[in-house]
Amino acid sequence: MSHVIARLPEPRLRALEDAYGAAVAAKRRQVLLGGLVLAALVGLSAWAGEVDLAKFFANLWRFPSYIGDIVPTLRLAHLGEDLAEWYWGLGYWLRLMGETLLIAYLGTMLGGLCAISLCFLAAANLSRSARVRWLVRRVLEFCRTVPEIVFALIFVAAFGLGPVPGVLAIAIHTTGALGKLFSEVVENIDMKPVEGVSATGATWLETVRFAVLPQVLSNFASYGLLRFEINVRGAAVMGFVGAGGIGQDLIESIRKFYYSDVSAILLIIIATVMVIDLATERLRHALIGMERRS
Amino acid sequence: MLVLEGVSRRFGAKVAVDKVELTVVPGSFVGVIGRSGAGKSTLLRMINRLVDPSDGRIRCGDVDVTGLRGRELRDWRARCAMIFQQFNLVGRLDVLTNVLMGRLNAAPSAKSLVRLWGVEDKAIALAALEQFDIAGLAAQRADSLSGGQQQRVAIARALAQSPEIILADEPIASLDPRNTRIVMDALQRINRTYGITVICNLHSLELARGYCDRLVGMAAGRVVFDGLPESLTDDVARELYGLEAADVIGEGATSPAAAGWGARSPVAIPA
Amino acid sequence: MSATRTQRFEAEALAGLRGLAARHPSIFRVNWPRRLLSVAIVAVLAGLFVSGFWALGFSFARIAGGLDKLVEFAGFMLPPSPGSYATFLTYLMALAQTLAIAFLGTLTAAILAFPFGFLAAKNVIPNVFLHFSLRRGLDVVRGVDVLIWALIWINVVGLGPFAGILAVATSNFGEFGKLFSEAIEAMNKKAVEGVASTGGGKLHQVRFGLLPQVFPVIVSQVLYYFESNTRSATIIGVVGAGGVGLHLYEQIRMLEWQHVSFLVLMILLTVAVIDFVSGRLRFAIIGNAKIAA
């Protein structure tokens, strides 16, 4: 036999129900309003974005067929030959991938160095001049808001085709992104050592070197590695606008319908990106582990 | 001779230090006493120029401390070393490097930035550590040390500056009774052997009476007492400390009730 | 003056140098292996850095020449101007397209990835094989840049913003699938257990135990990605997938610097507005809690 919960007297029950009902209704109205706004935005965007579902479904078969096209024909009996034919340009592509990695590395290093030298000026706790801080922050904001491809396009016009504009574009974007992160790290440090060192009569540079750098270095390295990972992806498409790396060959093979080349190059890029992801993750965990131990 | 002339400091509407007049004779051991928030900390920080005075002048010999900038300010800071309640060491650097921070002002910047310390600087730093029996810890990371050891490292850093004045801002407030003794003895020894002036903020009246040869009492930013320890009567102390008086007057120098000290909020440093 | 007396400590220390050196030999001995190692590391890093630049064709002449041109371009960029009112309207429309690409792309990806997030979460479907293969699949989708996806979708639906929407949706699908499943895995089990204890089935547990916890986190992540997609949607036009990027590309090609700077200003302004609005929304939804990005 189960117990029956005693019913409240009718008027009190009515009052509670009404209050609950009103609260739920208010929330429903809010959700409904939000839904309407969302629907309106979707409609507007669909119009502006020239969404054509009929065309989409009529042509959707092309997507699997395209994927099918770029997958090479590999026959078990002639696997060696087929692989060799698929990756006919392996050496060349690997060299281009190497160039892509080098672009990412140099861009990250250059941008990281700029970010390190600027972040202390942008940090509220170390920069003494509010005007300098404001200026540095705006510059960093500009550097990370303008997409790196746009910088690359402009630099291609200025420096000519090749990896040079690619490196510079990535470096500028990295300066902006890392500069902001670094200055946030610096703003979160313990200020007591800073006071202690500057009270001995050390210069600003010495204070930063001995009281700030030991506290922030591992975080800087971790963010730098994360950025390197992002920059490898970025460098892979720099070639789309003529700024060096493997992207140039990829866009050409897509545009000229060299199907098997597309998959070959894509696979190289995906594999490299995954290896870099794993490697940087390992390194970052090792860094964090070192931090915990010591 | 360190002279403060009408020195004031305001933080917004709040007056932390109010027209302080003070003359400190070289070689003396001055205790600055008063309750939390009386302006003791701000006063000491102004002498080292970690905080700039809003009004008034600080002079030392023929140097106008209040007007110093750049190189001259750094030289002045090297002459008046600072010791903090929380030690303010760089936890991730080893003990010797922390003490070598006291040599930064004297050593050439280009060399010290890449940690190429001169033999003389190392010798001075080590000798400072030996003074307080912690030379054996030279290679350890500073944050692996106990509070008492860290404060001794901080005093060694101050000594390595070979300063004329040591400003100690509540140096024992985070320590237990045994370490309190060790640290205060260390300050006294420096004062007696090398004639370094010590200006020390203290909360405990008993300690102040025991170690200092002159007491300066502060309340609400003003100097309300200035004289020999013996002339500080319990009545004056009651006035100085108000409700805290019972805590401060009753306690002996050897039993400063560590638990009570830890619970006391640290001196507020207005931002 | 006391100065003479205070120097005494230094003098004593230096006089006792021999003794100090005898007592603490390790401190005075130069640690050559360590010093050489640090010099070697610095040398290798610097060498790689410099030779890298050299290998990629950097030279002082080229940098100097390029900077010269950049300064020249910067001069041409002032004042920013679209030329005519008609062009301005075209740019405005392209900007609207960019926003549409970011908005619809993010929304589609979120809706599609939502069920996948649950499927790929260990605590919802504890199947190691499914978990592993879904996560790796999402990784591959993520590993392909949005510009590459745009090129592929152009082959399907032709040039224009629709391809852009699909590209943003595809690449974000991979990101969201991973993020959502991680968010779900990080959730507190207590609510789920509570629902289970009342006799609720698996679906009930997800609907009433997980969803209310996960929803705000997911919405704020989606908004965060909308911000970042607005940035990437500005450049997706470079490969022909609609939006303001195409104009930017063309104007840079034709060296119409006033147009370029005008377009960049428009982009900066739009990104700032979107950041502001979305930041407000995120704050309203999740409070001031830090959002894993």
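Just so it is clear: chains get the letters A, B, ... in the order the sequence lines come, proteins before strands, and each one is counted from 1. Below, each value reflects all heavy atoms present in this structure, side chains not excepted, and no hydrogens, waters or symmetry copies.
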Under a 4.5 Å heavy-atom cut-off, does chain C meet the side chain of [X], its backbone, both or neither?
X	value
B:L96	side chain
B:A125	neither
B:A139	neither
B:I190	neither
B:R103	side chain

Requested in this report: Side-chain contact test, heavy atoms from C-beta onward, threshold under 4.5 Å: evaluate it for B:E130 versus C:R23 and give yes or no.
Outcome: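 Touching, per the 4.5 Å side-chain cut-off.
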
Query raised in the report: Is there side-chain contact between B:I124 and C:F9, with heavy atoms separated by less than 4.5 Å?
Result: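 Yes, their side chains come closer than 4.5 Å.
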
**Report entry** Shortest non-hydrogen contact from C:A13 toward B:A123
**Finding:**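 Smallest interatomic distance, heavy atoms only, reads CB-O, 4.2 Å.
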
**Report entry** C:L14, part contacting chain B, at a heavy-atom distance under 4.5 Å
**Finding:**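 C:L14 touches chain B through side-chain heavy atoms alone.
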
Report task. Please confirm whether the backbone N or O of C:F28 pairs with a side-chain atom of B:K122, one donor and one acceptor, at under 3.5 Å? Result ->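 No; zero donor-acceptor contacts below 3.5 Å.
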
Determine whether more than 12 heavy atoms belonging to other residues, nucleotides or ligands lie under 6.0 Å from atom [atom1] of [X].
X	atom1	answer
C:F173	CZ	yes
B:E21	CD	yes
B:R189	CZ	yes

